[in-house]
Amino acid sequence: MESLAANLREMTRTPLHQSHVDTLRDLGSELTYSAGQIIAEVGDPMDRFLYILDGRVEVIDPYTREAYLPDSLGPTQFLGEIAFLSGGSYTLPMRAKEDTRVIAVPRKLMLDAMSRIPEMSDIVISVFAARRRRQIEDGDSSLKLIGVDQDRNIRRIAEFAIRNKIPFQTMELGSADADDVRQTCHLMGEKPAVVFGHNRVVDDPTPAKVAQLLGLEQAFECDETVDVLIVGGGPAGVAAAVYAGAEGLSAVLVEDLAVGGQAGTSSRIENYMGFPTGISGADLVWRGEVQAMKFGARFLRPRRATRLEHREDGIFCVTLDNGQELCAKAVVVATGVQYRRLPLDGLEGFEGVGIYYAATEMEARYCKGSDVVVVGGGNSAGQAAMHLSRTAKHVHVLVRGDSLAASMSDYLLSRLDADPAITIHYRSQLKSLHGGDAMSSVTVDRDGTDWRLDCPAAFIMVGAAPNTGWLADTCQLDEKGFVLTGSQAGTASTFATSCPGLFAVGDVRAGSVKRVASAVGEGSVVISQVWEHVQE
């Protein structure tokens, strides 16, 4: 961990070449800040690229207003982190440590320059990404979540932040840190809370409100019509955004929870080419998101598409769950599938406090030292079991059939069989759930015999219900709700649907191979068909 931190800190200081600095001078203007002057406050938009010529800039604690980090930024360095690409907000205040002179370049001009000068773009993005990773590693952020383990709403925000690579701090109710924040913000009693900045308490906190504070909800002009609107932020959707941006198409991606989709819940993917030691689904897709933003693609989250209209002039209009309407010349449906809810009494009441559909680090902390259940026989269930076995007392994998050979990769099945902390129960399924405010135990039907197990967490990873309810009658679906494309939809284009200009890729497409690599490939290839449609 120390070597990783050292590498990240080194990367955050990579300087630009002199030719790049000359470009900045041509595009921007010089600004001066007096010693002690605030350059950016928590919540301020990253709307300018600031390159330091003289002086020093330090990160300060939003509460004490003292220096937050031992190091400061000096000449040849620049401010910001990866949120700059999407027009996000500062999460820590920045102050001039001494009289400081900078070059300030408006964000749009900087992004245009980065697209023209890949060498400069590589340096900037590497530094920004390293800073974001260091923030996550060290918990450097003004976003503070109090009572994650006690409140399911706070827990959902933590899950949203983790899956979207957003740095935050957690505080236990009654802890000294939580009491300090409570006094600063004048909070009454020991209650769960979300605090941003010095003393901004988020009332009735939701992921959408936090996204707005962080600048993730980008603004769109009412009359703006983009080239392509991508609905769904899994591997297929993000790949489509990367290639759309690279081809010069104006692209917007809408995601209802977190970029990564179902793949983002996989703790480790080992059979994706190029990553011999494996990579988490969230990290894989986050890298793609950064690439897409580099090429100018915009991301809107957490927002769900609720309705699709195809106008007579050929333009598509998608209505979002907040009433906003986005219009595009073409639409790529990449909404994937969602795990099926099991028909169990009390299931919904335990979701988030015992029933989970992802197995990331956040969920793993809820079952430390306890028995846990994983329901499912696919690769996602196997990866979840392997990940949870590191923290849980024992992992019980429930499989309805007699074998996993047809549904799980052989390398993964071999590891499950060899791990003493994992037991696979064939011909078994969840029968009932028990508990009060949170789930405490389950009853398992093991080959016709009831088995009661003390268990605070069950991970449901079965079924594949497509997210196509919002499409209404716009295109043809099969009997299970998957989108028909190509010859099945009466068109020659592989990913085209029965509605001209509407395309489908990834798991939501009928007949697709349900693998991450396949989804990435489809998202990449579909853009050539989108390009042809937009040009027509």
Side-chain angles (χ1 to χ4, degrees), residues 1 4 136-139 141 144-178 190 192 258 264-269 278 280-283 339 347 349-376 380-398 412 415-416 418-425 430 433-444 451-461:
M1 187 65 72
L4 172 62
I136 293 173
E137 290 287 335
D138 296 347
S141 176
K144 303 185 187 299
L145 309 183
I146 303 174
V148 169
D149 293 335
Q150 290 78 22
D151 188 278
R152 75 173 67 193
N153 290 328
I154 307 298
R155 187 176 296 188
R156 284 171 181 153
I157 292 171
E159 293 166 357
F160 170 77
I162 286 176
R163 292 188 59 188
N164 283 285
K165 301 289 186 182
I166 297 169
F168 65 96
Q169 295 181 20
T170 61
M171 298 179 179
E172 297 294 330
L173 281 176
S175 66
D177 290 338
E190 293 185 358
T265 67
S266 295
S267 55
R268 190 177 187 184
I269 301 174
S280 72
D283 197 31
Y339 292 124
L347 178 85
F350 286 135
E351 288 180 335
V353 286
I355 296 295
Y356 305 100
Y357 300 93
T360 66
E361 293 295 337
M362 177 56 68
E363 289 82 13
R365 64 180 283 180
Y366 303 144
C367 51
K368 186 175 182 180
S370 303
D371 283 78
V372 300
V373 165
V374 175
V375 183
S380 294
Q383 290 160 354
M386 290 298 302
H387 178 62
L388 295 169
S389 68
R390 303 171 192 167
T391 54
K393 177 183 176 182
H394 200 88
V395 180
H396 302 272
V397 181
L398 308 185
L412 195 52
R415 290 187 181 179
L416 296 183
D419 195 326
I422 299 174
T423 300
I424 302 176
H425 303 270
L430 272 183
L433 313 174
H434 315 285
D437 294 333
M439 192 179 76
S440 58
S441 64
V442 299
T443 297
V444 177
W451 173 46
R452 183 77 172 248
L453 174 67
D454 290 336
C455 165
F459 297 81
I460 313 299
M461 297 181 172

Report summary line: In short, Cys455 meets Val372 closest at the heavy-atom pair SG-CA, 3.8 Å

Query raised in the report: Would you say the side chain of Pro167 lies within less than 4.5 Å of the side chain of Ile136, judging by non-hydrogen atoms?
Result: yes

Query - Residue of the set Tyr339, Tyr356, Tyr357 for which ring-ring contact (aromatic ring centres under 6.0 Å, His included) holds with Phe459 - result: Tyr356

Report task. Decide yes or no on side-chain contact (heavy atoms from CB on, under 4.5 Å) for Lys144 and Asp177, but give the supporting numbers first. Result -> CA-CA 10 Å; Lys144 303 185 187 299; Asp177 290 338; over 6 Å; no

Query raised in the report: For Ser441, does its backbone N or O pair with a side-chain atom of Arg452 as donor and acceptor, under 3.5 Å?
Result: no

Query raised in the report: Shortest non-hydrogen contact from Cys367 to Ala457?
Result: CB-CB, 4.1 Å

Query raised in the report: Roughly how far, to the nearest 0.5 Å, is the CD1 atom of Ile460 from the CD1 atom of Ile355?
Result: 4.5 Å

Report summary line: Distance col, row Ile146:CD1 vs Ile154:CD1, nearest 0.5 angstrom, shows 8.5 Å

Query raised in the report: Any sub-3.5 Å donor-acceptor pair from Gln169's side-chain atoms to Gly139's backbone N or O?
Result: yes

**Report entry** Side-chain touch Leu433/Leu347, heavy atoms, less than 4.5 angstrom
**Finding:** yes

Query raised in the report: Do the side chain of Arg155 and the main chain of Asp149 share a donor and acceptor less than 3.5 angstrom apart?
Result: yes

Query - Shortest non-hydrogen contact from Ala358 toward Glu363 - result: O-CG, 3.3 Å

Requested in this report: Over 60° means perpendicular and under 30° means parallel, so classify the ring planes of His396 and Trp451, tilted if in between.
Outcome: perpendicular

Query raised in the report: Just wondering, are more than 12 heavy atoms of other shown residues or ligands nearer than 6.0 Å to CG in Asp437?
Result: no

Requested in this report: Look only at the side chain of Asn164 and the backbone of Phe160, and say whether a donor-acceptor pair between them is shorter than 3.5 Å.
Outcome: yes

Requested in this report: Say whether Arg163 and Thr360, considering side chains only, have a donor N or O and an acceptor N or O under 3.5 Å apart.
Outcome: no

**Report entry** Side chain proximity check, Asp283 to Lys165, heavy atoms < 4.5 angstrom
**Finding:** yes

Requested in this report: Determine the minimum heavy-atom distance between Arg152 and Val353, stating which atoms define it.
Outcome: NH2-CG2, 3.2 Å

Requested in this report: Nearest 0.5 Å please: distance from the OG atom of Ser389 over to the NE2 atom of His394.
Outcome: 9.5 Å

Query - Residue pair Leu430 / Val444, side-chain heavy-atom distance below 4.5 Å - result: yes

Requested in this report: Decide yes or no for Tyr366 and Thr391: does some side-chain heavy atom of the first lie under 4.5 Å from some side-chain heavy atom of the second?
Outcome: no

Query raised in the report: Hey, what do you get for NE2 (His425) to CG (Leu453), rounding to the nearest 0.5 Å?
Result: 8.0 Å

Requested in this report: Kindly determine whether Val395 and Thr423 satisfy side-chain contact (heavy atoms from CB on, under 4.5 Å), including the steps that lead there.
Outcome: CA-CA 6 Å; Val395 180; Thr423 300; over 6 Å; no

Requested in this report: Can you see which heavy atom on His387 is nearest to which on Glu361, and at what distance?
Outcome: CE1-OE2, 3.0 Å

Report summary line: With sequence neighbours left out, the residues meeting salt bridge (charged side-chain N to carboxylate O under 4.0 Å, His left out) with Glu172 are Arg365

Query - Interatomic distance, Asp151 atom CG to Leu173 atom CG [nearest 0.5 angstrom] - result: 8.5 Å

Query - Nearest-0.5 Å distance, CD1 of residue Ile157 to OG1 of residue Thr170 - result: 13.5 Å

